[in-house]
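If you're wondering where the values come from, they're calculated on a predicted model, not measured in any experiment.
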Amino acid sequence: MNSEVSGYVWKEEEEEGEEEESMNPTEVKMSQIVMPCHSNHRQELSVGQLLKWIDSTACLSAERHAGSPCITASMDDINFEHTISVGMVVNIKAKVNRAFNTSMEVGIQVSCEDLFYDRHWRVCHAYATFVTQRTSNGQKVPLKPIIPRTQREQIEYSVAAERRRVRMVHDEIIKDLLFHSDNSEVGNAVAAVKTKVESVELVLPPHANHQENTFGGQIMAWMVNVATIAASRLCQDHPILRTIDMFTFRGPSQIGDRVLLRAIVNNAFKNSMEVGVRAEAYQGEGPNRHINSAFMTFEVLDDHGKPCTLPHIRPEPLEGERRFQEAIARKKIRLDRKYIISRTQGEVPLSVPWEPRNQVYLSYNNVSALKMLAAQNNWCLNSEKDQVRLYTLERKSVLSFRVESEVNIPAHRAFCLLAELRNRPSWDTHYQKCELIHWVDEDDFLYRVVTPSGEGVLQDFILLASKRKPCSSGDPYVIALRSVSLPTHPPTDAYNRGEVLCAGFTILESKNDMSLISYYNKASPEVFPYISTDIAGLSSSFYHTFCSCSQYLTKNRLKTNFLS
């Protein structure tokens, strides 16, 4: 995942302000002063050295939770926001966000400290996946669950499941995008073969951890080195590493291995270039073992700090052309993710254009936004009637509300019924009409919803509905809704086009086949007329709507065909 996507939670944390510190038992901190031996020719901390420190800190956090040796399995995209000069201090903090069955996600935050001017700023953030080393008989070690202690930890815990989902489909997204790519010939291009780099490193004890496996950070540092050389051969200058795409370690490397590193510029765009790196390990006459591949984006800055225009690349036949096209696909993914996450509530329109190529990230954003809203701990109880509770949350001039109650229906059944939006007009008077536009996949759907308006003109919404089953015990079922735009369904004069910022249901199993059902909505101007009188205590429309919902669920509790 792109760090803008991965870092969505960090941004939310900063906006929340400081909350009372609660020491996480998995938290590990590292502080290092940058010495000349850690720097590059610009007297700035080399990215390779930083990656070593990041990997070591994250591994210690993972091992603190697992109680056994751990191995780096993968690292999500990293965006380097600032450089760090010699003499400054690097502060790294890592903690386990969530443990799944045999893997765990570790969140890492890197900041820089200027000791002389008492200034601090963020350098980057990252998410790494670690697994425990297998036992002597080859068995995986199951992990104990993480128990979130603070609001921030609850948010990270909840959204970690969505990040895991994105990691699992990342390669498939690349393959899908290749079908839409275009390979046009460019004149005066530099042959990619001129940027090729090959280098061999011998793994020595200082390069290995306490398990005698090569540090993942060390391998990454070697990969950054050859990638920088390849980029330099294209631009004939000193390039700056901006991002490292998500990568997965395919296997371990041990002391005594020779690590063969190959790098080449896959593609050059106007102001950036992608370098692909492959790492293989071998011993003696044995076969080469593919242990890692990574893709890194570089820029070259002029004297004013502006990105320079780069020459085009002429790829090698066959494999080179494949890498050329894949680089275009990866760039498209980076732009989509950045665009989706960078939209703020003050922008108009709030809807992001939907298309198959950005569907995974829109779905991630949709579900993550609802989970983060649900995890807020400063909801205020506004009213209660017959155990139907209305809560409000005001934050930075944005009003959100939550309505919840227990219903006599199993959670999985309530999930199936509420996920089918086409039945909602039968119990919600705010939904006059709901039509399915597109079945994206088993978990995501596009709907057009028509609602009444106080101005006498009907409103319509184009909604992306994303549903999720629990990832593990104690997780709720989730049905998330947000507005998107579709070229096939533009706004018309007959309807006022409305926007849904963030809305949806969470359904949590409780005792005796009961379910705690909560409905959330981050109020946009279109829904204010429906909620203002309820919050002021002048109406009980929420209560009646939720009662109607409860009756609908109870009535269809045992039916198998519930689509009208």
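Of the charged side-chain nitrogens involved, at least one lies within less than 4.0 Å of a carboxylate oxygen, so that Glu274 and Arg330 count as a salt-bridged pair.
Residues Phe546 and Trp427 place their aromatic rings such that the two centres sit no closer than 6.0 Å.
At least one test fails for Arg468 against the ring of Tyr477: distance under 6.0 Å to the centre or angle within 45° of the axis. With a 6.0 Å cutoff to the six-membered ring centre and a 45° limit on the axis angle, Arg389 does not count as a cation-pi contact of Tyr543. For the pair Arg497 and Phe461, the cation-pi criterion (under 6.0 Å, within 45° of the ring axis) is not fulfilled. By the 6.0 Å and 45° rule, Arg402 does not stack over the aromatic ring of Tyr519.
Annotation: side chain of Phe298 is not in contact with side chain of Ile240 (no heavy-atom distance under 4.5 Å). Using a 4.5 Å heavy-atom threshold, the side chains of Cys124 and His82 count as separate. Within the 4.5 Å cutoff, no side-chain heavy atoms of Arg482 are placed close to those of Cys502. Within the 4.5 Å cutoff, the side chain of Val440 has no heavy atoms near those of the Phe445 side chain. Within the 4.5 Å cutoff, side-chain heavy atoms of Leu301 are placed close to those of Glu299. Between Leu234 and Met273, the closest side-chain pair of non-hydrogen atoms falls below 4.5 Å. The shortest distance between side-chain heavy atoms of Ile244 and Asn79 does not fall below 4.5 Å. Counting heavy atoms from C-beta outward, Leu486 and Leu446 have side chains that approach closer than 4.5 Å.
In the model, Ser510 has a side-chain atom that pairs as donor or acceptor with a side-chain atom of Glu406 under 3.5 Å. In this structure, a donor-acceptor pair under 3.5 Å is present between the side chains of Asp444 and Gln359. A donor-acceptor contact closer than 3.5 angstrom links the side chains of His430 and Asp428. Side chains of Asn24 and Glu153: a donor-acceptor N/O pair is present below 3.5 angstrom, by distance only. Judged by distance alone, the side chains of Ser74 and Thr248 never bring a donor and an acceptor atom under 3.5 Å apart.
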Checking salt bridge (charged side-chain N to carboxylate O under 4.0 Å, His left out) for the pair Arg322/Glu319: CA distance, chi angles, key distance, verdict?
CA-CA 5 Å; Arg322 176 186 62 80; Glu319 280 299 300; 2.6 Å; yes
Decide side chain to side chain contact (heavy atoms under 4.5 Å, CB included) for Phe247 and Asp77; before the verdict, give the C-alpha distance in whole Å, the side-chain angles of both, and the deciding distance to 0.1 Å.
CA-CA 8 Å; Phe247 60 84; Asp77 299 4; over 6 Å; no
Let's go through Tyr552 and Ser426 carefully: what are the C-alpha distance in whole Å and the side-chain angles of both, what is the deciding distance for side chain to side chain contact (heavy atoms under 4.5 Å, CB included) to 0.1 Å, and is it a yes or a no?
CA-CA 8 Å; Tyr552 160 73; Ser426 67; 4.1 Å; yes
Show, in sequence, the C-alpha distance, side-chain angles and deciding distance for Tyr431 and Val450, and conclude whether the side chain to side chain contact (heavy atoms under 4.5 Å, CB included) test is met.
CA-CA 6 Å; Tyr431 271 52; Val450 176; over 6 Å; no
Should Arg167 and Glu105 be marked as a salt bridge (charged side-chain N to carboxylate O under 4.0 Å, His left out) after you check the CA-CA gap, both sets of side-chain angles, and the distance that decides it?
CA-CA 11 Å; Arg167 290 179 198 116; Glu105 180 192 273; 2.7 Å; yes
Test side chain to side chain contact (heavy atoms under 4.5 Å, CB included) applied to Leu399 and Leu393, step by step
CA-CA 6 Å; Leu399 181 66; Leu393 172 68; over 6 Å; no
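Panel note: side chain Ser483, backbone Val500; a donor-acceptor pair is recorded below 3.5 Å. The main-chain N or O of Met514 is never found under 3.5 Å from a side-chain atom of Asn512 such that the two would form a donor-acceptor pair. Side chain of Asp460 to backbone of Tyr495: no donor-acceptor contact under 3.5 angstrom is found. Counting only distance, with no hydrogens or angles, the side chain of Asn521 and the backbone of Phe401 share no donor-acceptor pair below 3.5 Å. The closest donor-acceptor contact from the side chain of Ser158 to the backbone of Gln154 lies at 3.5 Å or more, if one exists at all. A donor-acceptor pair under 3.5 Å is absent between the side-chain atoms of Gln376 and the main chain of Asn378, judged by distance alone. For the pair Thr554 (side chain) and Ser550 (backbone), a donor-acceptor distance under 3.5 Å is present. Between the Arg448 side chain and the Ile462 main chain, no donor and acceptor come within less than 3.5 Å of each other.
Of all non-hydrogen atoms in Asn97 and Val106, the two that sit nearest each other are ND2-C, 4.2 Å. A pairwise comparison of heavy atoms in Ser485 and Pro353 identifies OG-CA, 3.2 Å as the closest pair. Taking all atoms of both residues into account, the shortest heavy-atom contact from Leu481 to Arg424 is CD1-NH1, 4.1 Å. Listed here is the closest heavy atom pair of Leu508 and Gly474: CD1-O, 3.6 Å. Heavy-atom minimum distance, Tyr520 versus Ser518: CE1-CB, 3.6 Å. Here the shortest heavy-atom pairing between Ala268 and Pro311 reads CB-O, 3.2 Å.
Heavy-atom contacts from other residues, nucleotides or ligands closer than 6.0 Å to CD1 of Ile147 number 12 or fewer.
Evaluated for a side chain to side chain contact (heavy atoms under 4.5 Å, CB included) with Leu417, the options Asn423, Ile409, Ile507 yield exactly one hit, Ile409. Partner Glu156 forms a side chain to side chain donor-acceptor pair (under 3.5 Å) with one of Lys95, Gln151, Arg98, Arg163 and no other, that one being Arg163.
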